[in-house]
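Taking it in order: structure first as structure tokens, then the write-up.
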Amino acid sequence: MRYEQWFARRLDRRTLLRLAGGVALAVPAASLLAGCGAGTDGGGGSAVTSTPDQSTGAEPRRGGTLRVALTGEPPNLDLHQTTDSIVLLVTGHMYETLFTWDERYEPVPLLAESHEVSDGGRRILVRLRQGVPFHNGEEMRAEDVIASIERWGRVVGLGQGLMAVTESLTAVNPYAVEFRLREPFGTFPTALSRALQGCAIYPKSVLDRSDDTRLAEFVGTGPYRFVEWLPDRHILLERFDGYANPPGETSGYAGHKGQYLDQLEFIPVPNEASRVAGLRSGNYHYLETISTDHYPTLKDDPAVAVDLLPPDAWLNIVLNLRSPITGDLQIRRAIQLALDHEPIMQAAFGEDFYELTPTLLPGAAAWYSDAGADRFNPRQPDEARRLLESSGYDGSPLRILTTQEIQQEYNAAVVFKQQLEQVGFTVDLQVYDGATLSDLRDDETAWEAYLATASFRPDPVLRNLTCSATGWWCTPEKDELLAQLQTESDFEKRVEIWAQVQERFYEEVPRLKIGDARRILVRSPKLHGVGPTELQPDFSNAWLEK
């Protein structure tokens, strides 16, 4: 489907609000999961009133171990370190952030109790919830929040942006921290909300024994605590009975957590057929991901529950701008011109499971932009050959990294390789396990391109296009636009800034957006209450039938 059709059939949230006279008509994120009603009460080791599951009318049941089949091993369990979605999938249950997202993807307090902005946006006071324990028994205090934000601000591009405008970050008292800013930072709660590479709050005592590349211990405030990580076997979490439940009813990732499950077990199963067979046999209750090839046979299988969601992620080819080959803009444009996106998406996802749109925030309709659309999927192989010949390219191999653990990305890589070879590139396709791939892509000398899926982001500041992101797209003009996007609070102005960033994305070709992918959620029919999945599934209110 072309992007004109995609845009014509969608209304953004603000339009829906206007049409409703101010009454929100947006569908809650959790309700996108057919048959997965979100639980709203229970857990925490105390007697509570539970709400029947919307799809079955049954009361949520306490107990049991949820077994989730992963595509492989995560590279680490430090949320600050990586944008790998598998890390948030696991650690989103262990760690928490100051803010999170409600069902309409508005940022709301989580570990914060509230925040106040004054002095023209240059002073932000964050009041913390009191009596929130870490898994090691320590109480979360201002010193822990400051240490976590400072570390995150050294490691993550968005954090670096916040700290660049921060004159001071101090503890007003044990339960309040104050930011003094040189200029307003209009996206403050957004920046400190749940996200890939989000600002998890760790104990200062743990950070004192850690560095910026390694956590000494996996300790958070979340509803489940770390038990053990046995490589090639599992990562095991168990219910944290001391969990301080946030106030309010469940709404998206916010509000009360039922904690019905005793344990969450994340099991690496690199072979996709084994993941599917394990789900059918009852060995697993949820699959991290599967290719669309399985949809026709699974959708009518009574042993499996399948949900097909609208596109909210995109297939992404990251180019290494520090490589002598792909550091050349002319060569990157030759790559851009060489590609026909339809066969790549067909190989990856199959007919009816993708759309072709230029927007870099699929699923967030309020941020739709067709900026740069004239360079999206140009399909000009003859011009690509001409550019490549005039560039002085000497035939050195383009090293493309991929993994067969995510079959869609591997299939796309094979077609990507073929299309590049057809215009004169020499290509070296290198296949690794997921954890090794994650390590290699941080080595600027090891590759020219890798494939990944860019997952849903509710706000463009969470789409990591900073200079520190792998690929190292560093231009003063783009970096200034990103800084404006972070500091500006006016929505319409931010939309204009984001369109300029997207225009530069297509002009400077730091990455290649191929197309938007529909997600398939596959689970056991015995699993209920799975929360929203856009920013990785939340099992805090999930429960299992006997």
Side-chain contact, heavy-atom cut-off 4.5 Å: [X] with [Y]?
X: Glu351; Y: Gln346; value: yes
X: Trp152; Y: Leu192; value: yes
X: Val145; Y: Leu111; value: no
X: Leu196; Y: Arg457; value: yes
X: Val108; Y: Ser251; value: no
X: Tyr105; Y: Phe456; value: yes
X: Glu409; Y: Thr453; value: yes
X: Glu534; Y: Trp101; value: no

If we count only N and O atoms by modelled type, under 3.5 Å, do the side chains of [X] and [Y] hold a donor and an acceptor together?
X: Lys513; Y: Thr357; result: yes
X: Thr470; Y: Tyr450; result: yes
X: Ser205; Y: Glu138; result: yes

Practice problem: Would you check, one step at a time, whether the test salt bridge (charged side-chain N to carboxylate O under 4.0 Å, His left out) holds for Lys257 with Asp538? | Solution: CA-CA 10 Å; Lys257 308 290 190 289; Asp538 180 10; 5.2 Å; no
If you measure from [atom1] on [X] to [atom2] on [Y], what distance do you get to the nearest 0.5 Å?
X: Leu128; Y: Leu98; atom1: CG; atom2: CG; value: 6.5 Å
X: Leu544; Y: Arg523; atom1: CG; atom2: CZ; value: 10.5 Å
X: Leu356; Y: Asp516; atom1: CG; atom2: CG; value: 8.0 Å
X: Leu169; Y: Ile149; atom1: CG; atom2: CD1; value: 5.5 Å

Quiz item: Can you name the residues that form a side chain to side chain donor-acceptor pair (under 3.5 Å) with Glu73, not counting sequence neighbours?
Solution: Trp229
Quiz item: What residues form a side chain to side chain donor-acceptor pair (under 3.5 Å) with Ser114, not counting sequence neighbours?
Solution: none
Taking the side chain from [X] and the backbone from [Y], do they hold a donor-acceptor pair closer than 3.5 Å?
X: Tyr253; Y: Leu535; answer: yes
X: Arg127; Y: Tyr175; answer: no
X: Arg225; Y: Glu238; answer: no
X: Thr97; Y: Arg194; answer: yes
X: Asp459; Y: Leu462; answer: no
X: Gln259; Y: Arg62; answer: no
X: Gln263; Y: Gly63; answer: no
X: Arg280; Y: Ala303; answer: no
X: Thr250; Y: Gly255; answer: no
X: Arg275; Y: Val269; answer: yes

Is the [X]-[Y] ring centre distance short of 6.0 angstrom?
X: Phe539; Y: Tyr224; value: no
X: Phe179; Y: Phe185; value: no
X: Phe491; Y: Trp367; value: yes

Considering residues at least two apart in sequence or located in another chain, which fulfil the side-chain contact (heavy atoms from CB on, under 4.5 Å) criterion with [X]?
X: Val219; value: Phe134, His135, Asn136, Pro203, Val206, Glu217
X: Glu178; value: Arg123, Leu125, Thr170, Val172, Arg180
X: Ala216; value: Arg209, Ser210, Arg214

Considering residues at least two apart in sequence or located in another chain, which fulfil the salt bridge (Lys or Arg N to Asp or Glu O under 4.0 Å) criterion with [X]?
X: Glu139; value: Arg141
X: Arg151; value: Asp78
X: Arg233; value: none
X: Asp433; value: none

Practice problem: Just jot down the ring pair (Phe, Tyr, Trp, His ring centres under 6.0 Å) partners of Tyr95, sequence neighbours excluded, or say none. | Solution: Tyr202
Quiz item: Can you name the ring pair (Phe, Tyr, Trp, His ring centres under 6.0 Å) partners of Phe99, sequence neighbours left out?
Solution: His115
Indicate the atoms forming the closest heavy-atom contact of [X] with [Y], along with that distance.
X: His285; Y: Thr65; result: CE1-O, 3.3 Å
X: Pro458; Y: Ala364; result: O-CB, 4.4 Å
X: Ala348; Y: Ala412; result: CB-CB, 4.0 Å
X: Arg463; Y: Trp498; result: CG-CH2, 4.3 Å
X: Thr82; Y: Ser438; result: OG1-OG, 4.2 Å
X: Asn76; Y: Gln81; result: ND2-CB, 3.7 Å

Exercise. Report the C-alpha separation of Val522 and His294 in whole Å, then their side-chain angles, then the decisive distance to 0.1 Å, and conclude whether the side chain to side chain contact (heavy atoms under 4.5 Å, CB included) test is met.
Key: CA-CA 10 Å; Val522 184; His294 295 280; over 6 Å; no
Practice problem: Using the side chain to side chain contact (heavy atoms under 4.5 Å, CB included) rule, take Thr221 and Ile201 through it: C-alpha gap first, then chi angles, then the decisive distance, then the call. | Solution: CA-CA 8 Å; Thr221 60; Ile201 303 302; 5.8 Å; no
Quiz item: Can you list every pair that meets salt bridge (Lys or Arg N to Asp or Glu O under 4.0 Å) and has a residue in residues 79-101, with sequence neighbours left out?
Solution: Asp84-Arg441
Quiz item: Going by an N to O cut-off under 4.0 Å, is there a salt bridge joining Glu355 and Arg518?
Solution: no
Self-check item: Cationic N near anionic O, under 4.0 Å, Arg239 to Asp262
Solution: yes
Exercise. Just do the side chain to side chain contact (heavy atoms under 4.5 Å, CB included) check on Val68 and Leu264 with the steps written out, would you?
Key: CA-CA 8 Å; Val68 179; Leu264 308 180; over 6 Å; no
Quiz item: When you look at Val276 and Leu287, which way does the side chain to side chain contact (heavy atoms under 4.5 Å, CB included) test go after all the steps?
Solution: CA-CA 8 Å; Val276 173; Leu287 304 188; 4.3 Å; yes
